[in-house]
**Q** 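Handing you a structure now.
Quick note: residue numbers are just sequence positions, from 1. We count ligands from 1, going down the list as the structure has it; atoms in each ligand are counted the same way.
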Amino acid sequence: MIVVMKPKATKEEIDKVKSVIKELGYSPHPIEGILRTVIGVVGDERGKPHDLDSLKQLQGVEKVVPVLQPYKLTSREVNDETSVFNVDGVAVGDSKIPIIAGPCSVESEEQIMTIAASIKDSGASMLRGGAFKPRTSPYAFQGLGKEGLELLVKAKEMTGLPIVTEIMSPDDLELVEEYADVLQIGARNSQNYSLLRHVGKSKKAVLLKRGMSTTISEFLMCAEYILSEGNSNVILCERGIRTFETATRNTFDLNAIPVLKEKTHLPVFADPSHGTGYWQYVIPVTLASIAAGADGVIVEVHNNPEIAVSDGAQSLKPKTFKNLMEKAAPVAEAIGRTV
Ligand code: PEP
Ligand code: MN
């Protein structure tokens, strides 16, 4: 069930509804929209004597409606508008499309500072960079860990760009939270429900990648794990799925963008770097994603992709990234947005 508050409902009225929901044995999950607050009511209704319809009697309540989808708080039924939230000064979900850029892995101070300065100059909104890397081989570079996080902060101090970085284990949450503005959950951990619950308790925004064999409805249930713990600042990110095709690293599922936009109020981002695996396809797939309604893009950029420790083949050089920004602007404009 969701309780839709009237646009002018006061904080006291909202607090009263939350406390009655708790008294009835459920947990309230408020989502603050631009126009109004809606409160998700989560809990097992079986065996409970009370009818939640009675919540309609409370001051400030407009209506009480059932959510039909298995994902409740994530569903667009809860919120007609795309959720907008602030990541250290950058609005996510709004008409300006944030472009997140940076290397796959943080490798050295010189590398991250050079890349951060160049993407800032080209108009990127946030800096990405992995300090804890999920690698297919245990013998491959695993990331600089804490040192990588410290380098990201140095780059933020220079550019002002908020940091997006991956968290792989609940054990690292306290550490990564201290440095990151957005906690990235990678494709390989997309259905790691324990990790999802942990980041659901965090105050930091989460960028949740789609798993490589995760259906759209499974993906939405992954997000539901995070929202059900109280964190509704979640970005969904399409990053390509496994298919029979071998010409590209993954098959970027462009369909997922309008489908997700229809099913959820959460902002939907595109990752054309992992979605294609080759730098030369990154610009066209970025433009297609924006045209399809993506609320943001995350791309890999490296100053020296030939010798990158990870994902060099799909990384744009700074000059090509500048070109991406220039080409993205008129596409965004055509659909009434900006980059
Ligand atoms: C990454 O962003 O570098 C990464 C490992 O992505 P994914 O989890 O989508 O493979
Ligand atoms: Mn990568």
**Q** By number and element, which atoms of ligand 1 are closer than 4.0 Å to a non-hydrogen atom of E300?
**A**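 Counting atoms of ligand 1 from 1, those under 4.0 Å from E300 are 1 (C), 3 (O).
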**Q** If the contact criterion is a heavy-atom separation under 4.0 Å, does K133 count as touching ligand 1?
**A** yes
**Q** Taking the side chain as C-beta and beyond, is there a heavy-atom pair between M126 and V87 under 4.5 Å?
**A** yes
**Q** Determine, for R36 against E81, whether the closest basic-nitrogen to carboxylate-oxygen distance falls under 4.0 angstrom.
**A**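 Not counted as a salt bridge, because no side-chain N and carboxylate O are separated by less than 4.0 Å.
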**Q** For the 3.5 Å polar cut-off, considering only N or O atoms, please tell me whether E166 and ligand 1 meet it.
**A**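 No, no N or O pair falls under 3.5 Å.
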**Q** Counting non-hydrogen protein atoms only, what is the nearest one to atom 8 (O) of ligand 1? Give residue, atom name and distance.
**A**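 In this structure, atom 8 (O) of ligand 1 has A187 N, 2.7 Å as its nearest protein heavy atom.
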**Q** At the Mn ion (ligand 2), what's the angle from D311 OD2 to H274 NE2, rounded to 10 degrees?
**A** 90°
**Q** Please could you name the atoms of ligand 1 that G186 approaches to less than 4.0 Å, counting only its heavy atoms?
**A** 8 (O)
**Q** Can you check the angle at the Mn ion (ligand 2) formed by SG of C104 and OE2 of E300? Round it to the nearest 10°.
**A**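 It is 90°, given to the nearest 10°.
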**Q** Would a hydrophobic clustering, with Ile, Leu, Val, Met, Phe, Trp and Tyr connected at side-chain separations under 4.5 Å, put V20 with I39?
**A** yes
**Q** Where is the nearest protein heavy atom to atom 4 (C) of ligand 1: which residue, which atom, and how far?
**A** H274 NE2, 3.3 Å
**Q** Tell me the protein heavy atom at minimum distance from atom 6 (O) of ligand 1, and give that distance in Å.
**A**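 Result: K209 NZ, 2.9 Å.
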**Q** Which atoms of ligand 1 have any heavy atom of R239 under 4.0 Å away?
**A** 7 (P), 9 (O), 10 (O)
**Q** Can you tell if the side chain of D311 reaches within under 4.5 Å of the side chain of R249, non-hydrogen atoms only?
**A**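 Yes, side chains in contact.
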**Q** Please tell me if the side chains of K63 and K56 come closer than 4.5 Å, counting only heavy atoms from C-beta onward.
**A** no
**Q** Is there side-chain contact between F132 and E166, with at least one heavy-atom pair below 4.5 Å?
**A** no
**Q** With a 4.5 Å limit on heavy-atom distance, are the side chains of S118 and F321 in contact?
**A**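 A side-chain contact is absent here, since even the closest heavy-atom pair is not under 4.5 Å.
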**Q** My understanding is that only one of L236, V297, I257, V92 makes a side chain to side chain contact (heavy atoms under 4.5 Å, CB included) with F269; could you say which?
**A**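 When L236, V297, I257, V92 are each tested with F269, the side chain to side chain contact (heavy atoms under 4.5 Å, CB included) holds only for V92.
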**Q** Going by the atom numbers of ligand 1, which of them fall below 4.0 Å from some non-hydrogen atom of C104?
**A** 3 (O)
